[in-house]
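What follows is one structure encoded as structure tokens, with my remarks underneath.
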Amino acid sequence: MFSRFVFGLGLLSATALVHHPAFAADARTLQIFVSKDKQSLAVYDGADVIATSKVSTGKAGHTTPSGIFSVLEKQKYHESNLYSAAPMPWMQRLTWSGIALHESNSVPRNPASHGCVRMPAAFAKQLYKMTSLSVPVIISDAEVAPEPVAHPNLFRPDLPEPPLLLSDAALRPAIGETGGEPVRLAMNSAVPPPVARAAVPENTNPIRILITRRTERETVINIQTYLNQLGFSAGAPDGLLGTATIQAINAFKALRSMQFKDDKALVSDTLLREIYAAAGKGEPPNGVIMVRQDFKPVFEAPITIGNPRQALGTHFFTLHAVDVENGRADWLGVTLKNNLSRQAMKRLGIVANESSIVTGGTPIADALDRITIPDGTRSRIDGMLAKGSTLTISDTGIGPETGAGTDFITITR
């Protein structure tokens with residue numbers, strides 16, 4: 001462990017580097033936490049704070065959104081596209097809609113910006129040197145900090161199968177049971193078999209994982225896929241209720257008119273159950289897991305969320321260290337305040353927020369306990385893990401900020 005010291009920046013005492021930026025071993029393990037109530041920023045390497053600063057977030061009418069972001073773009077000098085080409089040196093973009101970290105000559109340690117996170121000049125420059133693209137940035141209403149989390153549902157590398165130590169010779173029978181036959185002993189192979197090794201992923205960049213509730217898009221994709229498999233022409237599985245998909249749904253219902261006599265909705269729970277049953281797929285899933293890498297979607301798959309009428313909450317995990325050879329993964333986690341509106345809860349079918357009923361000891365453990373991931377999906381993700389990978393659990397889906405050229409962006413307020 002490096003000895004701690006304060007690296008003076010010639011600024012107010014509210015801004016300091018606890019370690020020189022060169023001491024950050026790997027930018028992939030960094031996380032940036034911005035607290036709106038403290039008007040402060042802390043850089044973590046694992047559970048250790050390596051830099052701090054005062055900041056100014058958005059003032060009334062231009063509030064900085066709270067949530068989970070990452071650095072999407074870096075520019076040493078940038079001018080605002082929204083506010084009269086205002087200078088934004090050492091800019092680190094968090095959303096394509098205009099939120100960023102950047103230098104300012106006005107950082108009064110109270111909300112003062114038009115939505116960005118302002119930092120003192122020297123600190124903004126030093127932070128720019130420390131980070132790389134995709135470094136997570138968590139903006140919270142109240143101060144939070146990552147802590148080590150161990151749970152069987154968190155991903156970890158697959159352990160290789162142990163080598164067989166015995167040859168295929170028959171085991172020596174018990175005394176008196178040889179029947180006069182020569183005794184053969186089980187022997188170690190003369191040449192020991194090679195030690196099995198866990199596969200190293202081809203792309204060792206961190207992956208981004210999101211676990212959330214299924215939206216109509218994922219539901220329609222499955223409807224289209226299974227209707228096509230059943231011989232109905234539902235069109236390409238794109239999640240859109242186009243003409244071909246609507247015709248295929250109506251044709252499927254017409255063949256099972258009794259099951260749908262009281263069901264007037266085009267897409268309903270009854271339709272899902274009937275299609276899944278006809279396709280031999282069991283019960284319809286109510287959750288989805290999505291994976292991105294290098295700002296691009298990789299794959300998504302269905303999962304099951306237990307007790308779906310209770311909110312999962314918003315939780316963020318980072319993989320600080322991974323040992324592929326020994327199947328070890330060191331995760332850090334943090335829980336953010338889950339600001340679900342009454343309308344959002346109704347749309348998602350939630351009747352209790354996660355803070356109302358906690359059965360597993362903590363909100364993080366309770367959320368992880370309720371998630372069931374198919375073995376094939378889990379194995380695929382386990383094989384992609386790399387240091388700096390992240391996992392977000394959220395009730396609210398990917399949201400409008402997530403898109404081309406982003407990681408998963410989760411807005412909590």
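What you see is a predicted model, and the numbers here were worked out from it, not measured in a lab.
At a threshold of 4.5 Å between non-hydrogen side-chain atoms, the residues Gln310 and Arg370 count as touching. Between Ser134 and Phe295, the closest side-chain pair of non-hydrogen atoms falls below 4.5 Å. A 4.5 Å side-chain heavy-atom check between Tyr276 and Leu272 finds at least one atom pair inside the cut-off. The shortest distance between side-chain heavy atoms of Ile223 and Leu271 falls below 4.5 Å.
In this structure, the side chain of Ser140 engages the main chain of Ala142 through a donor-acceptor pair within 3.5 Å. In terms of modelled atom types and a separation under 3.5 Å, the side chain of Ser379 and the main chain of Gly376 share no donor-acceptor contact. In this structure, Gln224 contributes its side chain and Leu240 its backbone to a donor-acceptor pair below 3.5 Å. Listed for the Ser389 side chain is no donor-acceptor partner under 3.5 Å among the backbone atoms of Leu385. Judged by distance alone, with hydrogens and angles left aside, the side-chain atoms of Asp45 form no donor-acceptor pair with the main-chain N or O of Asp48 at under 3.5 Å. Side-chain atoms of Asp395 come within 3.5 Å of backbone atoms of Gly313 as a donor-acceptor pair (strictly under, hydrogens ignored). At distances below 3.5 Å, not a single donor-acceptor pair connects side-chain atoms of Thr63 with backbone N or O atoms of Ala60. A donor-acceptor contact shorter than 3.5 Å links the side chain of Trp331 to the backbone of Phe155. Counting only distance, with no hydrogens or angles, the side chain of Asn326 and the backbone of Arg328 share no donor-acceptor pair below 3.5 Å. Side chain of Ser35 to main chain of Lys38: a donor-acceptor pair is present (N/O by atom type, distance under 3.5 Å, no hydrogens or angles).
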Inset, instruction - Could you walk me through whether Val117 and Ile139 pass side chain to side chain contact (heavy atoms under 4.5 Å, CB included), step by step? - result: CA-CA 10 Å; Val117 178; Ile139 301 176; 4.2 Å; yes
Legend entry - side chain to side chain contact (heavy atoms under 4.5 Å, CB included) evaluation trace for Val55 with Arg109: CA-CA 5 Å; Val55 297; Arg109 199 163 194 167; over 6 Å; no
Inset, instruction - Could you go through the side chain to side chain contact (heavy atoms under 4.5 Å, CB included) check for Thr131 and Gln92 one step at a time? - result: CA-CA 9 Å; Thr131 62; Gln92 302 192 60; 2.6 Å; yes
Inset, instruction - Using the side chain to side chain contact (heavy atoms under 4.5 Å, CB included) rule, take Thr52 and Val43 through it: C-alpha gap first, then chi angles, then the decisive distance, then the call. - result: CA-CA 6 Å; Thr52 61; Val43 183; over 6 Å; no
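Nearest approach of Ile350 to Leu340, heavy atoms of both residues: CD1-CD1, 3.9 Å. Heavy-atom minimum distance, Val351 versus Met345: C-CE, 4.0 Å. Closest of all the heavy-atom pairs between Thr412 and Lys337 is CB-O, 3.7 Å. The minimum heavy-atom distance linking Arg214 with Pro302 is given by the pair NH1-CB, 4.0 Å. A pairwise comparison of heavy atoms in Thr270 and Gln259 identifies CG2-O, 3.7 Å as the closest pair. Contact record, Ile249 with Leu241: CD1-CD2, 4.1 Å, taken as the closest heavy-atom pair.
Salt-bridge check for Glu143 with Lys36: failed, with every basic side-chain N at 4.0 Å or more from each acidic carboxylate O. Here Arg208 pairs with Asp407 in a salt bridge; the nearest charged N to carboxylate O distance falls below 4.0 Å. A salt bridge is absent between Asp263 and Lys261: the closest approach of a Lys/Arg side-chain nitrogen to an acidic carboxylate oxygen does not fall below 4.0 angstrom. Taking 4.0 Å as the cut-off between side-chain N and carboxylate O, Asp382 and Arg156 do not count as a salt-bridged pair. Ionic pairing of Asp294 and Lys296 is not present here: no N-O contact between side-chain nitrogen and carboxylate oxygen is shorter than 4.0 angstrom.
Remark: Lys76 is not positioned above the aromatic ring of Tyr128, lacking an NZ or CZ atom under 6.0 angstrom from the ring centre and at most 45 degrees off the axis.
Interatomic distance, Leu133 CG to Lys74 NZ, rounded to the nearest 0.5 Å: 7.0 Å. The line from CZ of Arg118 to OG of Ser53 is 13.5 Å long, rounded to the nearest 0.5 Å. Rounding to the nearest 0.5 Å places CG of Leu154 at 9.5 Å from CG of Leu319. Rounding to the nearest 0.5 Å gives a distance of 5.0 Å between CE of Met290 and CD1 of Ile398. Between Leu101 atom CG and Ile32 atom CD1 the span is 5.5 Å, to the nearest 0.5 Å. Distance OG1/Thr402 to CD1/Ile411: 8.0 Å, rounded to 0.5 Å.
Checking Asn205 against Arg28 by side-chain atom types alone, no donor-acceptor pair falls below 3.5 Å. Remark: the Thr57 side chain and the Gln39 side chain contain an N/O donor-acceptor pair separated by less than 3.5 Å. Asn339 and Arg413 are linked by a side-chain donor-acceptor pair at a separation below 3.5 angstrom, with hydrogens and angles left out of the test. A donor and an acceptor atom, one from each side chain of Thr215 and Glu218, are located under 3.5 Å apart. In this model, no donor atom of one side chain and acceptor atom of the other lie less than 3.5 Å apart for Thr392 and Ser394.
Atom CD of Gln229 sits in a crowded spot, with more than 12 heavy atoms from other residues, nucleotides or ligands closer than 6.0 Å. Around the CG atom of Asp375, the shell of radius 6.0 Å holds no more than 12 heavy atoms that belong to other residues, nucleotides or ligands. The number of heavy-atom neighbours closer than 6.0 Å to NZ of Lys253, taken from other residues, nucleotides and ligands shown, is above 12.
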